[in-house]
Structures are given as C-alpha cells and as structure tokens.
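To find a chain, count down the sequence lines: A is the first, B the second, and so on, and within it residues start at 1. The shown structure was predicted, so the numbers you read here are calculated from the model rather than taken from an experiment.
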Amino acid sequence: MSKRKAPFSEDNPNHDLCDMLTELADYERNVSRNIYKYNAYRNAATALAGHPTRIQSGEEARKLNGVGAKISKKIDEFLQTGKLQKLEKIRDDDTNTAIGLLTRVSGIGPAKAKQLVDAGVKTIEDLHRHEDKLNSHQLVGLKYFEDFEKKIPRHEIEQTEEIIKKEIHELDPEYLITICGSYRRGQLESGDIDVLLTHPSYTSTDGNARRSQLLKKVVNSLVSKKLIIDTISLGDVKFMGVCSLDKLKRDVRHGHARRLDIRLTPHDQYYCSILYFTGSDLFNKNMRAHALQNGFTLNEYTLRPVGSTGIPGEPVVVTSEEDIFEYIGYPYKKPSERD
DNA sequence: ATGTGAG
DNA sequence: ACTCACATA
C-alpha cells in the first residue's frame, strides 16, 4: 500500500493543486532522483492540503510556508489554464511513464527502474523477457503484479486470520497474534495483511529472537499448510511474503495472492507495536505530538518519560493499548476511530 | 560498509 | 523517521 498513495482527502478545496504537486514530487523522486525537490513539492502539497479554503492565486499560496516563488508560479499557471506545461511534457515522455510503471512492481524502486529503462526494458512484458535482470524480491513482485494492486476484502482477511491463529496455536498456544493495519481499524478492504506476533518467552531483556526461532517456526508451519505461497524476505523478527486461500478453502479456487507481513516483537513492547502498526499514520503523528507535550516520547517500541534534560528515561510498563492513552492523558480511541 | 527497497 | 532485510562491494 505504500507505493501508490492518495495522501490528500477528496474533500479538501485544493485537491487538484495537491494532485499536481504530488505528481511533480513523484517525478522528481523517481525520474530526476532529486530528493530535495521531491521534499519541496511534498511540503507544499501538505501545506495546501491543510489550508481550509480554496486558494485563489499563486500569490495567496506563497504566504503558506513551503510555497516559494517557483511553486507559486506553477499554481498561477494551473489556476489560469487548468494545466501545467511541465506536467504535460512529463506525461508525454515515454521514459518517464515507463519508470512510473516499473516502479509499481514490488521491489523495483526508482534506481532499478531507471537502470531497466536505460537497458530498454520498459513494459511488464519486457520484464517477463528479462527476468535474469531481477532479484528474488522483484521476481515475486512481477509474478503477482496485478494481484498486489488489488484490495483485500475484509471477509478474506477474517478467514486468513482464523487460519493463522489456528495453525500458530497448534504449534504453541502461548503465541499472541494480532492483525493490525487498516483491517484492525475496521476498514472494509485493506492493501495487505499485517500480523503482529509475540511470545511470553521473548522480551526485550531476556530471550533472543535468533536463538528462539519463534518467527521461523511460525513461517515454516504456514508454508507447510500452504497458506504462505512465496517469501520475499525472512529475518529473525520480520517476514515479508505472499499468502493465498486457494489451497485451503474449498469455495476459493481462483483467489488472489496477497501481501503478508509477520513481525515478531518482544512481549513487553507488544502494545506499543500494536498501536503503531494499527495507525493511521496521521493518528500516530498526532498521538506522538500529544505525548511529547505531556512529557513523553512514544515510538514503535516504548513509551518513555522525557525530563527537563530532554533525555528519555526508562520505558514505562505497558500492558494494554489503553495504558498508553492513560499515561499521556489522551482520550482513548477505538481502532475504528483512528482514521 | 553501503545502497536500495519496503513499510 | 526509523528499522529491517537484502544484495552488493
């Protein structure tokens, strides 16, 4: 879900301007490889997205921070003509569109896409003819190119969850398992399946992820049950791969391949992780900002008090998501209220 | 070690 | 923003 993103809500009055700037940003990142221009366009788009009323001119936009002379000029052109010459040109150039396409394959980023296009590889069919130029992650991305762009219906994730929990608990009933992401927020469809895993024997102070093999055991069992059908990467604490219900459900014969992530987190950090991976991104950002104002720093792993010195202290003990809200004096929000 | 990519 | 996994050097 991270590559194709629509970061700005449809209901904002400057939606079209945000789209224009985001398209320019993507071009600077993927084609020009200029991360500074990329950031400049993104910052400007974010500023516009946060502006409550319709921008009437480049001059007005210039007052926002993140919008300087050059972007202000582009806004004027867009407002007056309904388009932007620079963007029209970019859209016409087939090198640019090819890079844009190849970048949609999981595992192919801007650098690889550029290299491929320079070698004359510009379409998905070209990729199939030149699989020798791809690493194992990229081959998986190519194999499931269409499927990975499809949303996953909530019902399918529910079925997957049931199978995952059953299999893992057969292995060891002490594993704790939570599917996070937009699924946990109650959305009717999601981009991938994000599983959080822990075990009482594995904490940040004792237990060792490498030695315990807690993650690998789980992955092995799901592979042998044919739920996991491909692996992108597998380390001590994070698995990235592909799952499908095809071989498991009689009523599913031509199901889609789905992106599945499983991460193993220490038992004492489980709830901070759940909070973090449930999102949304914006909610996390706001919650962290609130934590800071109340003298805490919150990350994926821990909640720590930060004294007048600015140096974070020892992590506080967290045994539920509610604990975290309580500590920082933030009214509890159910996952479904975190959009 | 460093770069790439994903999330 | 930051971390993990991987493929190179």
A:Ile108 has an atom CD1; how far is it from atom C1' of B:dG3, in whole Å? 17 Å
Listed once per pair and sorted, the salt bridge (charged side-chain N to carboxylate O under 4.0 Å, His left out) pairs that draw on residues 222-234 of chain A, sequence neighbours left out: A:Lys143-A:Asp230
Under 4.0 Å from any atom of DNA chain C, heavy atoms only: list the residues of residues 216-234 of chain A that qualify, in numerical order. A:Ser233, A:Leu234
Parallel, tilted or perpendicular, as decided by the 30° and 60° cut-offs, for the rings of A:Tyr327 and A:Phe296: tilted
Specify the residues of residues 275-305 of chain A, ordered by number, for which at least one heavy atom lies under 4.0 angstrom from an atom of DNA chain C. A:Tyr276, A:Tyr301
Rounded to the Å, how far apart are A:Asn30 CG and B:dT4 P? 13 Å
The complete set of salt bridge (charged side-chain N to carboxylate O under 4.0 Å, His left out) pairs with one or both residues in residues 303-321 of chain A, sequence neighbours excluded, reads A:Arg184-A:Glu321, A:Glu321-A:Arg338
The first and last nucleotides of DNA chain C lying within contact of chain A, meaning any atom under 4.0 Å from one of its heavy atoms, run from C:dA1 to C:dA7
Run the side-chain donor-acceptor check on residues 61-77 of chain A: report pairs under 3.5 Å with partners two or more places apart or on a different chain.
unit_1: A:Ser72; atom_1: OG; unit_2: A:Gly58; atom_2: O; d: 3.4
unit_1: A:Asp76; atom_1: OD1; unit_2: A:Gly58; atom_2: N; d: 2.9
unit_1: A:Glu77; atom_1: OE2; unit_2: A:Gln85; atom_2: N; d: 2.7

Can you measure A:Arg259 atom CZ to B:dG5 atom P for me and round it to whole angstrom units? 16 Å
Can a cation-pi geometry be assigned to A:Lys333 and A:Tyr330, taking NZ or CZ under 6.0 Å from the six-membered ring centre and within 45° of the ring axis? yes
Do the ring planes of A:His199 and A:Tyr175 sit parallel (below 30°), tilted (30 to 60°) or perpendicular (above 60°)? perpendicular
Does the side chain of A:Asn294 pick up a donor-acceptor pair with the side chain of A:His290 at under 3.5 Å? yes
Separation of A:Arg33 atom CZ from B:dG5 atom C1', in whole Å? 11 Å
Pairs meeting criterion salt bridge (charged side-chain N to carboxylate O under 4.0 Å, His left out) with involvement of residues 262-280 of chain A, two or more places apart: A:Asp194-A:Arg263
Listing, residues 233-245 of chain A side-chain donor-acceptor contacts under 3.5 Å, not counting sequence neighbours, or none:
unit_1: A:Asp236; atom_1: OD1; unit_2: A:Lys216; atom_2: NZ; d: 3.3
unit_1: A:Ser244; atom_1: OG; unit_2: A:Asp246; atom_2: N; d: 3.0

Using a cut-off of strictly less than 4.0 Å between a heavy atom of the residue and any atom of DNA chain B, enumerate the qualifying residues of residues 117-140 of chain A by number. A:His137
Residues in side chain to side chain contact (heavy atoms under 4.5 Å, CB included) contact with A:Gln269, at least two apart in sequence or another chain: A:Ser204, A:Pro266, A:Tyr301, A:Thr302
Does A:Thr198 reach the main-chain N or O of A:His267 with its side chain, forming a donor-acceptor pair under 3.5 Å? yes
With A:Lys122, which residues qualify under salt bridge (charged side-chain N to carboxylate O under 4.0 Å, His left out), at least two apart? A:Asp94
Would you mind reading off the distance between A:Gln115 atom CD and B:dG3 atom P, rounded to a whole angstrom? 16 Å
According to side chain to side chain contact (heavy atoms under 4.5 Å, CB included), who are the partners of A:Asn96, at least two apart in sequence or on a separate chain? A:Tyr27, A:Val31, A:Ile90, A:Asp93
